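What follows is a set of notes on a single structure, which appears directly below.
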Amino acid sequence: MTDATPTAPVAGTIGPIVLDGGAAPRPGARADEDLLDGLNPQQREAVTYRGQALLIVAGAGSGKTSVLTRRIASLLRNREAWPSQILAITFTNKAAGEMRERVEHLVGDSARGMWISTFHSACVRILRREAEQFGFTKSFTIYDSGDSRALIKRLVKEHEADAFGLTPAATQGKISKLKNELADAESYARTANMSDPAERVFVELFAAYQRELQRANAFDFDDLIAQTVFLFRAFPQVADVYRRRFRHVLVDEYQDTNHAQYALIHELTRPPGSDAAPLAGSGGMMIFEAEPAAEDGASLTVVGDSDQSIYAFRGADIRNISEFEKDYPGAKVVLLEQNYRSTQNILSAANAVISHNFDRKDKRLWTDVGEGEKIIGFTGYSQHDEAQFVADEIEALRRAGVDYSQMAVFYRTNSQSRALEEIFIRSALPYKIMGGTKFYERAEIKDALAYLVAVANPADEMAMRRIINRPRRGIGDVTIETISRYAVDQQITFRDALANSSALGVGPKIQAAIAHLDAVLAEATEIMLPASGELAPPTAVADGLQLLLNKSGYYDALRASKDAQDEARIENLDEMVAVAREFARNNPEGTLLDFLTEVALVSDADDLEDASGSVSLMTLHTAKGLEYDAVFVTGVEEDLIPHRISAGEPGGPQEERRLFYVGITRARQRLYLSLAMTRAQFGEVTVAMPSRFLQEIPLELLHWRQSPGDVNSRGGTQSRALNARRGGFGGSGSGSGKRYGDDLVPLARREPTGNLERFANKIPSKVRDNGDLELAPGDRIRHDDFGEGRVDAVTGEGAKRVAHVRFDVAGPKKLLIKIAPISKL
DNA sequence: AAGGACAAGGTTTTT
DNA sequence: CCTTGTCCTT
């Protein structure tokens, strides 16, 4: 092992917090010996290495969380660090919670002072402390993407930016991207082509957006990171406080960091006092550090796997990890390649697929648990057929003793879940859809939160505008503008303008409505933020919310509604109040602000494990970081995975391949890959082609229950396996005529024509087309696979016509007439 | 100001 | 197919 440089316990702190039975460790003995139990040499190295910078390249299933938590525990046990000196950063709250739990399990209560949190919540903590330094208050609100979209939408309208092709969505995307690169309107203006009027308008929009955020005392998600970086750069003495505090910074999923996050880590791990160089801020202020830098920067540990980088589309920069050694000269790199999750067959398939990405460091996962089952492939006629296969197989697995909660079905796009759901409901399979419609994105929940924000941060005009006519109070655009203008004239906030309803010059009915809303908000404020200075009771948030919903008339309006959906909305609001009560139980000291922060930063993906007793359905993206005994990857088709839109994006196909790779490597024991020959999308039936990624899996690993060839071939005499081999893959033009740039090239070169038989997935060059074959109830037909049968009914129109056929042997089936391998007798 | 009728458009996702 | 947004009427 390495020369682990022992670091002296930090001076000036109090009492040992080590739970090692009291005795100080003998020289040479490690207090963390038990932490290394069961670890392989590479993992041990990753736990025990001490130095400025460490990169742990952790392949899927290689035990990285274990290594990370033990590394933290070992720092604490060896008294190399106090809990307060540790900052561990993850991407999701769920991951943070899990890590905290596991560290606590190892070291007990001493885990308490650590910061184990997401990038965003760590930044919120810092910003709440320092907001006053740069024109915000502690009670700033956090705009989620919906909030910021609403604001941008208003600004786009005001600036008539639509005319320049600047839609709200495009503007939001561009601003977000720029913020992730730490650009602001001013710096962007310097590089942009300002002779282009569209660019000028965009810069104007960007600046206006930022002004509005500041006016509302609000940060959007991207700001939380970027503004923290700006804060550190503008106020080095503030940055030094955190640099001195955090001596060990650990970052999980480093391959998913964007530039702003990278810069934040960089700022945090610089030596304190290293900003001694004069810094000319925009205000022209010059800052000199009195003392020369005496301390080192914090030690940095990052964990990641560039093969699992699937968030480039939202700014993740894979170079952060691939160039780590350049960024941190002298960095140690530890490679974890032994996989403790999957069978060798699954890993071999994963390795084979991912090896088609060029420009990647070679890394081969291996395991010693043995080959395991073959991967099962299935091709359905339609997505319903495919879903039926999945359902049948899940039932078979259940009978074989696999728990529902240990099975998962993945798909590329959320819309694919529908067909699966239909079949699952019909088959009475318990399932749970992960991360579908977000609880906190529902309109009624956003309304409830806007009421709370109106109390917590009266400067937030967005929240006020949202609630002012919800429930309907007869206040429309005209009145809102009247109030807004009055507020500007009087130099008060929109919220305070409500208190002067009589001065607004509006009709008596509207005036009464405004006065009522003002009174309700005031009453809620007294409960949640008592002016007298006494502490609000823990239940204040829940009570205040309840009061707001009752007295505002929100509940009444829903109850009076005829719309059936409104009943569900009431339930959702009740749930929201329950969330507030639960928050009070867990955080007796928690304030309204704490509650709003938690709600803004917590996502539904954080309660993923609630799936006890159910099969989990989710997108491939959501699947990252999870594992199941049996995994179904569905819709393995061209234009889906890889997704059509990715084809045009640089690096798109490669990212799609990583996504597929992530899906495969979630499986412990059994992996199923399925697709459909036709897929109904947007009401249109389209013909689907097997995904190119299927070609990349060696034949011997994959057993086709029904291959693409089976579904299309006419011949009933040859075995399915032989059918599968006919017709050559990738064939002449393969229908779509599309060329996918870089992606097909490596395969074509590596596999000259003679060797094609090694691959299981022949992509048929033609899809069957029966034209407008007419069928009527009572007709006898012959099907290539199912034999003879009688048509019961015909439904649908045109290309979507479906024959309901009762086969003599195979039983009832539904067939798409246009493409099914059938003929009329 | 509010509700109904039609057109448009529709990856992936965390925070 | 289904959601979302805009326009038009009352």
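Side-chain atoms are counted along with the backbone in the values below, which use heavy atoms only and exclude waters and symmetry mates. Proteins get letters first, then strands, A, B, ... in listed order; numbering begins at 1 in each. No experiment lies behind these values; they were computed from the predicted model shown.
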NZ or CZ of A:Arg128 within 45° of A:Phe140 ring axis and under 6.0 Å:
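That pair qualifies as a cation-pi contact.
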Distance, rounded to the nearest Å, where A:Leu659 contributes CG and B:dT14 contributes P:
13 Å
Base, sugar-phosphate or nothing for [X]? Non-hydrogen atoms, less than 4.0 Å.
{"X": "A:Ser415", "answer": "nothing"}
{"X": "A:Asp477", "answer": "sugar-phosphate"}
{"X": "A:Phe221", "answer": "base"}
{"X": "A:Thr479", "answer": "sugar-phosphate"}

A:His120 has a side chain; which of B:dT15, B:dT12, B:dT14 sits nearest to it?
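Among the listed nucleotides, the one closest to the side chain of A:His120 is B:dT15.
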Any chance you could list the contact pattern along nucleotides 2-10 of chain C? Use B for base contacts, S for sugar-phosphate-only contacts and - for none, protein heavy atoms under 4.0 Å, 5' to 3'.
S--S-----
Tell me, for nucleotides 2-11 of chain B in 5' to 3' order, what letter each nucleotide earns: B for a base near a protein heavy atom under 4.0 Å, S for only sugar-phosphate near one, - for neither?
SS------BB
Does some side-chain heavy atom of A:Asp305 sit less than 4.5 Å from a side-chain heavy atom of A:Tyr254?
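When only atoms from C-beta onward are counted, A:Asp305 and A:Tyr254 do not touch, as no gap falls below 4.5 Å.
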Check whether any side-chain heavy atom of A:Phe660 sits under 4.5 Å from a side-chain heavy atom of A:Val353, and report yes or no.
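Side chain of A:Phe660 against side chain of A:Val353, heavy atoms only: contact under 4.5 Å found.
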Does a side-chain N or O of A:Asn93 approach OP1 or OP2 of B:dT14 to a distance below 4.0 Å, or not?
no
